[in-house]
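Keep in mind the model is a prediction, meaning the values are calculated, not measured.
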Amino acid sequence: MVLSKHERSYFDNPALVRHEERHSWQYFCLIGLPMLPLYVVAVVVSFLLTGDPASRNPFERLADLKEGGYVERPIQPINKTVTQAFSVLKSRPKGP
């Protein structure tokens with residue numbers, strides 16, 4: 001089963017389907033639910049290292065970044081990542 005915000009046609013891409021299948025094997029090998037907190041930790045570490053949740057995430061890298069539609073970003077100083085994150089938050093529109 002695949003849960004997604006995308007329409008069914010989004011998954012007509014065979015490379016993307018292979019990428020998602022690899023995630024299902026990761027889930028299987030980690031006996032299910034333990035993958036979820038591990039994945040969250042991997043997202044945080046990747047974001048702190050690169051400013052991107054996938055670039056240094058081992059789950060995404062093992063599932064093939066390119067096939068998942070991700071671009072590999074280089075490691076950057078953490079102060080640059082924090083500055084980028086806060087500038088995005090500041091630029092978001094306030095309230096309704």
Side-chain angles (χ1 to χ4, degrees):
M1 177 192 319
V2 175
L3 300 175
S4 177
K5 65 181 179 182
H6 300 286
E7 296 292 324
R8 168 66 183 93
S9 60
Y10 177 77
F11 293 97
D12 289 342
N13 177 349
L16 179 62
V17 172
R18 283 192 303 272
H19 173 86
E20 296 303 332
E21 180 186 14
R22 290 184 194 110
H23 282 313
S24 68
W25 279 106
Q26 293 168 354
Y27 188 84
F28 174 80
C29 290
L30 290 172
I31 313 168
L33 290 179
M35 180 182 168
L36 300 179
L38 292 171
Y39 187 88
V40 170
V41 169
V43 164
V44 170
V45 170
S46 178
F47 184 81
L48 289 174
L49 290 173
T50 65
D52 178 68
S55 290
R56 292 293 166 195
N57 180 332
F59 294 102
E60 293 300 344
R61 294 176 72 81
L62 289 169
D64 194 316
L65 286 173
K66 188 176 178 184
E67 285 193 351
Y70 297 108
V71 175
E72 185 171 359
R73 310 247 185 249
I75 292 176
Q76 63 186 14
I78 196 163
N79 62 334
K80 183 176 180 183
T81 301
V82 171
T83 303
Q84 286 173 341
F86 281 110
S87 68
V88 167
L89 290 174
K90 286 180 184 177
S91 67
R92 292 172 69 184
K94 305 266 191 234

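Ring orientation note: the planes of His23 and Tyr39 are nearly perpendicular, at an angle over 60° on the 30°/60° scale.
Scanning all heavy atoms of the two residues, the minimum distance from Tyr70 to His19 falls at CE1-NE2, 3.9 Å. Across Ser46 and Ser55, no two heavy atoms sit closer than the pair OG-N, 3.3 Å. For the pair Pro14 and Asp12, the tightest heavy-atom approach, listed with the atom from each and the gap, is CD-O, 3.2 Å. Summarising the geometry of Ala85 relative to Phe47, their closest heavy-atom pair is CB-CZ, 4.0 Å, with the distance given to 0.1 Å.
The side-chain heavy atoms of Gln76 and Thr81, taken from C-beta on, include a pair separated by under 4.5 Å. The side-chain heavy atoms of Arg56 and Asp52, taken from C-beta on, include no pair separated by under 4.5 Å. The shortest distance between side-chain heavy atoms of Arg18 and Asp64 does not fall below 4.5 Å.
For Phe86, there are no ring-ring contact (aromatic ring centres under 6.0 Å, His included) partners at least two apart in sequence or on another chain. Evaluation of the ring-ring contact (aromatic ring centres under 6.0 Å, His included) rule for Tyr10 yields His6 as partners, not counting sequence neighbours.
Rounded to the nearest 0.5 Å, atoms CD (Glu60) and CZ (Arg22) are 11.0 Å apart. Once rounded to the nearest 0.5 Å, the distance linking OG1 of Thr83 with CD1 of Ile78 reads 10.5 Å. To the nearest 0.5 angstrom, Arg73 atom CZ is 14.5 Å from Leu49 atom CG. Rounding to the nearest 0.5 angstrom, the gap separating the CG atom in Leu16 from the CD atom in Glu21 is 12.0 Å. In this structure, CD on Glu20 lies 8.0 Å from OG on Ser4, to the nearest 0.5 angstrom.
Linking ILVMFWY side-chain heavy atoms closer than 4.5 Å, directly or via other members, places Val44 and Val82 in a single hydrophobic cluster.
Taking 4.0 Å as the cut-off between side-chain N and carboxylate O, Lys66 and Glu72 do not count as a salt-bridged pair.
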Under 3.5 Å, which donor-acceptor pairs link side chains of residues 29-38 to any protein atom two or more places apart or in another chain?
none

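In this structure, Ser87 contributes its side chain and Gln84 its backbone to a donor-acceptor pair below 3.5 Å.
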